[in-house]
Amino acid sequence: MQATLPDGKVLELPDGATGADAAAAIGAGLARAALAITVDGEIRDLGRPLPDGATIGIVTERSEEALELIRHDTAHVLAAAILDLYPGTKIAIGPPIEHGFYYDFEFPDGVVLNDGDFAAIEAKMKEHVKADEPFVRRDVTVEEALERFRAEDQPYKVELIEDLVRNAPADAPVETVSLYTNGPFTDLCRGPHAPSTKRVGAFKLQSLAGAYWRGDSARQQLVRIYGTAFFKKKDLDAHLERLELARQRDHRRLGRELGLFHFSDAAPGSAFWTPAGTRVFNELVALSREMGDERGYTEVKTPQLFDASLWKTSGHWDKYRDDMFLTSTHDHGAADGDAGEDGRSGPTMGFKPMNCPGHYELYRQTRWSWRDMPVRFSEPGLLHRNELSGALHGLMRVRQFCQDDAHLFVMEDQIQDEVTACLRFAQDTYDLFGFDAGDFTYELSTRPENRLGSDETWDRAEGDLRRALEHNDLPYVVHEGDGAFYGPKIDIQFRDSLGRSWQLGTIQIDYQAPERFDLTYTGADNSEHRPVVLHRALLGSYERFVGILLEHTGGELPFWLQPTQLVLLTVSDRHADAAHAIAGDLRRAGLRVTVDGRTETVGRKIREAELAKVPLMAVVGDVEEAERTLTLRHHGGAEEPARPVADLADELGRAVRGRERVESPTGAGDAA
RNA sequence: GCCUCCGUAGCUCAGCUGGUAGAGCACUUCACUCGUAAUGAAGGGGUCGACGGUUCGAGUCCGUCCGGAGGCUCCA
């Protein structure tokens with residue numbers, strides 16, 4: 001038989017040759033290094049016979065797939081160790097993930113695991129690795145596998161096999177499944193695996209979490225153990241060090257260190273913004289407003305509290321009520337007895353979790369002509385959502401926030417153009433912050449199970465979004481079933497410092513709201529037509545955006561966004577008046593300037609300004625006072641030659657207005 | 001909401017197996033009036049998240065609740 005190598009060479013092999021045989025035929029060194037083999041692009045065990053005529057490639061430590069492979073191996077070793085230490089444990093699934101692996105277990109009654117148990121488990125795992133236990137694959141009939149796992153009282157494995165059989169397409173029924181054995185442990189597994197446990201070089205168990213079986217919160221909660229593995233200890237250590245560095249970019253930490261915001265038990269899930277943080281927040285709102293004005297958006301203001309009837313009309317009452325804060329109004333001194341839905345008297349009111357219904361109500365107050373379309377309402381409205389306590393996360397997931405929200409009322413034939421314009425608007429916005437295609441991904445979310453509207457309108461809406469993405473040549477992934485209850489959406493996802501994904505931008509098509517709120521416009525034919533609503537946010541929420549921006553910049557915000565752009569440091573008390581005079585001139589030019597006039601050494605003031613990541617600083621002493629010049633010191637240490645204050649006011653003021661980057665002279669310690 | 005862990009001064013943290021609280025930074029005061037990453041000294045500040053329980057005695061052990069971290073579920 002023959003096999004083709006990646007370089008096009010053809011290898012002659014005896015019939016029935018395995019991947020290991022192929023590797024040995026190429027060279028002894030490669031045979032030792034081989035972990036697996038790719039057969040026509042599909043990764044497989046070395047021990048399996050090769051089909052004739054395939055294109056093969058040997059997978060070694062240097063291959064892309066190799067880490068995933070040994071992480072999967074490590075998951076099996078973990079399960080083996082767990083069964084050694086905690087007999088009777090039921091095993092669920094244990095896949096490799098982006099930076100490691102996990103395995104889900106149901107421990108016997110009374111066994112509560114905590115991370116203090118990791119050392120003993122890791123020690124047991126090391127025994128299995130040292131023992132050089134081969135991973136042995138066996139293909140068995142469904143019946144044999146079921147019998148085996150039933151006998152071992154492994155109900156999760158039984159369920160997995162039953163589902164495999166049930167979900168198999170009619171033309172390709174599942175008759176056999178593969179089992180992998182390493183040492184005493186046998187698992188249902190598609191594979192592949194390395195030849196033996198010994199190939200796992202260095203591993204670490206990292207954390208413990210609850211995880212619902214099959215991701216269903218109505219089902220059994222299992223104990224998930226997360227870990228990671230590398231070929232070399234050095235690589236594991238480097239990975240752990242990177243994690244530690246990422247934690248230093250945590251926006252919650254930076255927010256505190258830079259004095260931007262904090263959280264308090266007094267209002268769980270809601271940020272307290274300091275003057276500096278509020279400045280950043282307001283600058284972002286100003287940006288949205290300015291960019292929206294240029295693109296035909298009109299800002300509106302709608303109420304905070306709405307009568308329940310509005311939420312019933314919008315559908316939120318049915319689909320979203322659990323996530324809403326409800327309250328009631330009642331006349332002062334009114335008699336009890338007219339209890340509302342929350343048990344208090346007076347009509348039930350709900351804090352808005354979204355701006356849309358208010359915008360529909362506003363839209364309805366005007367008779368719109370087709371000549372007015374599209375109508376674009378924007379509102380940085382304050383929203384409240386009663387998020388589950390376990391879902392809260394710094395600024396990324398809060399209970400009170402503002403979106404850079406807008407609703408576009410468009411005619412059907414304008415959808416394409418408007419969605420396209422929104423995608424461009426998003427691009428323009430992200431460009432300003434230096435985000436590029438590597439920083440975010442587009443996701444198309446389609447109809448969820450819990451939804452309003454006919455399949456026809458969903459088909460149409462999903463198709464519109466898909467076309468807009470494709471016409472813009474934007475790569476995207478599809479998330480089936482992740483749409484809002486009223487329509488499909490394009491989400492723009494960013495990652496935080498630890499790689500977690502957060503949605504910022506969103507563009508959603510809504511055919512439901514116009515029906516429910518009876519929204520109309522008068523067409524050229526002088527009859528009433530339904531508009532289509534587009535919901536869109538680009539920064540997402542200002543809260544979340546600040547979080548993402550802090551983690552991406554490590555706290556070094558763009559110059560125009562910095563709460564303090566320049567700090568003047570007095571040499572001694574007698575320079576305070578001069579410093580304040582200079583600060584006044586710079587402020588009039590539009591710069592945010594503070595004066596550090598404390599009775600401290602210049603070194604001290606520099607150090608504190610550096611730690612606060614203030615982009616520019618300048619010492620004010622006798623020379624500056626006499627000549628009215630400043631020598632700019634950039635964050636990071638780079639210095640410019642002395643320049644007249646008037647020139648600086650001019651240039652820096654322009655940079656702020658134009659939201660330009662301010663480069664430091666050496667390139668190091670970039671202030672922008 | 002669920003699982004594991006955590007909660008000590010404004011912040012970051014120390015406090016071994018129970019014997020009734022400590023450091024650095026910050027803050028206040030005083031001295032120094034200083035030229036590019038920490039001047040020195042003194043001082044104030046904590047019902048150890050809250051509430052119960054065990055104990056002669058609880059920051060330390062147990063329970064409940066609140067809050068936080070990581071994850072699951074859910075979502076900007």
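Computed from a predicted model, the values in this text were never measured in an experiment. These numbers come from the heavy atoms of this one structure, side chains and all, not from hydrogens, waters or symmetry mates. In what follows, chains carry the letters A, B, and so on, assigned in the order in which the sequence lines appear, proteins first and then strands, with residues in each chain numbered from 1.
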Taking atom [atom1] in both [N] and [M], what distance in whole Å separates the two?
N	M	atom1	result
B:C65	B:G19	C1'	29 Å
B:C32	B:G68	P	49 Å
B:U36	B:G45	P	39 Å
B:U47	B:C5	P	28 Å
B:A26	B:G53	C1'	38 Å
B:U55	B:C61	C1'	10 Å
B:U28	B:A14	C1'	25 Å

If we check salt bridge (Lys or Arg N to Asp or Glu O under 4.0 Å) with A:Glu462, which of these qualifies: A:Arg451, A:Arg447, A:Lys489?
A:Arg447
For [N], does the base pair up with any side-chain atom of [X] as donor and acceptor (N or O, under 3.5 Å, distance only)?
X	N	value
A:Tyr212	B:G1	yes
A:Arg397	B:C74	yes
A:Glu387	B:A76	yes

Does A:Arg604 pair with A:Asp596 as a salt bridge, N-O distance under 4.0 Å?
no
Below 4.0 angstrom, N of the basic side chain to O of the carboxylate: do A:Arg574 and A:Asp622 qualify?
yes
Is the ring centre of A:Phe433 less than 6.0 Å from the ring centre of A:His552?
no
[X] vs [N]: side-chain N/O to OP1/OP2 distance below 4.0 Å:
X	N	answer
A:Asn114	B:U4	no
A:Gln220	B:C3	no
A:Arg252	B:G70	yes
A:Arg500	B:G70	yes
A:Arg256	B:U12	yes
A:Ser389	B:G1	yes

Rounded to whole angstrom units, what separation is found between the [atom1] atom of [X] and the [atom2] atom of [N]?
X	N	atom1	atom2	result
A:Arg321	B:G1	CZ	C1'	18 Å
A:Leu258	B:C11	CG	C1'	14 Å
A:Tyr442	B:A76	OH	P	17 Å
A:Asp322	B:U73	CG	P	19 Å
A:Tyr486	B:C75	OH	C1'	11 Å
A:Arg399	B:A76	CZ	P	17 Å
A:Tyr226	B:C72	OH	C1'	7 Å
A:Leu208	B:C3	CG	C1'	8 Å

Going 5' to 3' through nucleotides 34-49 of chain B, assign each nucleotide B (protein heavy atom under 4.0 Å from a base atom), S (under 4.0 Å only from sugar-phosphate atoms) or - (no protein heavy atom that close).
BBBBBB----------
Quick one about A:Trp213 and A:Glu106 (side-chain donor to acceptor, distance below 3.5 Å, no hydrogens or angles considered), yes or no?
no
For A:His575 and A:Glu624, test the side chains for any donor-to-acceptor distance below 3.5 angstrom and give the result as yes or no.
no
Which listed nucleotide (B:C5, B:U73, B:C3) is nearest to the side chain of A:Ala209?
B:C3
The side chain of A:Val112 lies closest to which of these nucleotides: B:A76, B:U4, B:A69?
B:U4
Distance-only donor-acceptor hits, side chain of residues 609-621 of chain A, under 3.5 Å, sequence neighbours excluded:
{"residue": "A:Glu610", "atom": "OE1", "partner": "A:His635", "partner atom": "ND1", "Å": "2.8"}
{"residue": "A:Glu610", "atom": "OE1", "partner": "A:Gly636", "partner atom": "N", "Å": "3.1"}
{"residue": "A:Glu610", "atom": "OE2", "partner": "A:Arg633", "partner atom": "NH1", "Å": "2.3"}
{"residue": "A:Glu610", "atom": "OE2", "partner": "A:Gly636", "partner atom": "N", "Å": "3.2"}

Among all residues two or more places apart in sequence or in another chain, which pass the side-chain contact (heavy atoms from CB on, under 4.5 Å) test with A:Lys319?
A:Asn450, A:Leu452, A:Phe485
Is there aromatic stacking of A:Phe263 on B:G68 here, judged by a ring-centre distance under 5.5 Å and a plane angle under 30°?
no
Look at all strands and tell whether A:Leu113 reaches a base, only sugar-phosphate, or nothing, counting heavy atoms closer than 4.0 Å.
sugar-phosphate
Apply side-chain contact (heavy atoms from CB on, under 4.5 Å) to residues A:Leu240 and A:Arg242 and explain how you reach the verdict.
CA-CA 5 Å; A:Leu240 296 176; A:Arg242 272 197 304 279; over 6 Å; no
